[in-house]
Amino acid sequence: MLRAILSDVHSNLEALEAVLADADRAGPAELLCLGDFVGYGASPNECLERLRPRVAASVAGNHDLAACGRIRVGSFSSYAAQAARWTEGVLTPEHRAWLEALPFEARRGAARLVHASPAEPPAWHYVLSSGEARLEFDAFEEPLCLIGHSHYPGAFRLGPRAGEVAYTREPRVRLDGGCRFLVNAPSVGQPRDGDPRAGYLLWDDEEGWVRHVRVDYDITTARQRILDAGLPPFLADRLQWGE
Ligand code: ZN
């Protein structure tokens, strides 16, 4: 089955529409979301309107729960905290209730889905190094775990021998039998890896691969919406840099 995985949409409607159009051309049987639907961007309700009817499984991100007042924003940057408060003020009650009810983890096919780290989903740890990934592999039993949160795409592979972890940023990863994988999805709505294009994953569990896809989108409009909403201009500007 071919699945599309979207993560860290962050209320960026223009990026989301470009990703959905691109994914629809590939024709996935299911759409999965790894959290952070909202926060930073200016179109939280519009993004949830598009995604909610389509997602087969989703998990909660820290920005989703912050926007519902469920977690404190003390650990957030001032920009993120301002955006969380703004989002809380504009979210419709229906969308808010939906975000609040999201689970911390889910399973789909042979994959575990979690926003940040499988070892401790509500702690929002970043998994950026092979050493950190090695510990995370002990926290799930599935052959594949899909995560978001860092906005920094890449894949960790745990080999069958000696428990060694290899890391790759190659866009296409073969899911070799006998190995296990922890794959970090790119961000749809706020890329931070130096490539400003919107990103998502395709996963084919029959053919055994995960592919990282990037798509051009209307950054000018997404930027302008953030400025028009009165959100911090830095959140608008960073979209152009992809950082
Ligand atoms: Zn995020």
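One-based numbering, in listed order, for ligands and for the atoms of each.
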Original post:
Are V213 and V188 connected in the hydrophobic side-chain network, where two residues link if heavy atoms are under 4.5 Å apart?
Top reply: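 Linked, V213 and V188 end up in one cluster.
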Problem set entry | Heteroatom of D8 nearest to the Zn ion (ligand 1) (N, O or S, atom name) |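 Within D8, restricted to N, O or S, the Zn ion (ligand 1) is closest to atom OD1.
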With respect to the Zn ion (ligand 1), please indicate if H63 possesses an N, O or S atom at a distance under 2.8 Å.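 No, H63 does not qualify, because none of its backbone or side-chain N, O or S atoms lies under 2.8 Å.
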Kindly confirm whether the Zn ion (ligand 1) is within less than 2.8 Å of some N/O/S atom in H149?
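Not a single backbone or side-chain N, O or S atom of H149 is under 2.8 Å from the Zn ion (ligand 1).
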Under 6.0 Å from the six-membered ring centre of W203 and within 45° of its axis: does the NZ or CZ of R3 meet both?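 Ring-cation test returns yes.
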Would you call the rings of H149 and Y126 parallel, tilted or perpendicular if under 30° counts as parallel and over 60° as perpendicular?
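If you compare the ring of H149 with that of Y126, the planes turn out parallel.
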Take the Zn ion (ligand 1) as the vertex and measure to OD2 of D36 and NE2 of H151; round to 10°.
->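 Taking the Zn ion (ligand 1) as the apex, I get 180° for this pair.
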field: Check against ring pair (Phe, Tyr, Trp, His ring centres under 6.0 Å), Y40 and W86
entry: CA-CA 9 Å; Y40 297 130; W86 178 88; over 10 Å; no
